[in-house]
Amino acid sequence: MSGADDEPIEVLPDSVEGPQLRRAMRMVTVAWIFGSVWMNSTAGSPMTQFAKSLGASEFQFGILAALPFLVSLISL
């Protein structure tokens, strides 16, 4: 039996060039900016100041520092 069922379905283009590539790179850059702001506002010095205001111990600071790496390991 031959026909349309035998042909592979192409989902993604072989290459992205020109305006499509620029648009994709712009979207990735904007997404990275928002992600960077989010990470720095939730895991940077604001988190340290918040933990200090709650009276966190050195062990708890260590846990806070290790959490992003532990979550990355678990996500694998």
Problem - R23: which of M27, M25, Q20 passes side chain to side chain contact (heavy atoms under 4.5 Å, CB included) - result: M27
Throw together a table of side-chain donor-acceptor distances under 3.5 angstrom for residues 62-72, partners on residues two or more places apart or in other chains.
residue, atom, partner, partner atom, Å
S72, OG, P68, O, 3.0

Exercise for the section: Only counting residues at least two apart or in another chain, list the ones meeting side chain to side chain contact (heavy atoms under 4.5 Å, CB included) with W38. Expected result: S41, T42
Practice task
Any chance you could measure N40, atom CG, to M47, atom CE, to the nearest 0.5 Å?
Solution key: 12.5 Å
Problem - All side chain to side chain contact (heavy atoms under 4.5 Å, CB included) counterparts of S75, not counting sequence neighbours - result: none
Exercise for the section: Report yes or no: does Q60 contribute a side-chain atom to a donor-acceptor pair with the main-chain N or O of S57 at less than 3.5 Å? Expected result: yes
Problem - Heavy-atom donor-acceptor pair, S36 side chain to I33 backbone, under 3.5 Å - result: no
Problem - Minimum-distance pair of heavy atoms, taken over all atoms of A51 and F61 - result: CB-CE2, 3.7 Å
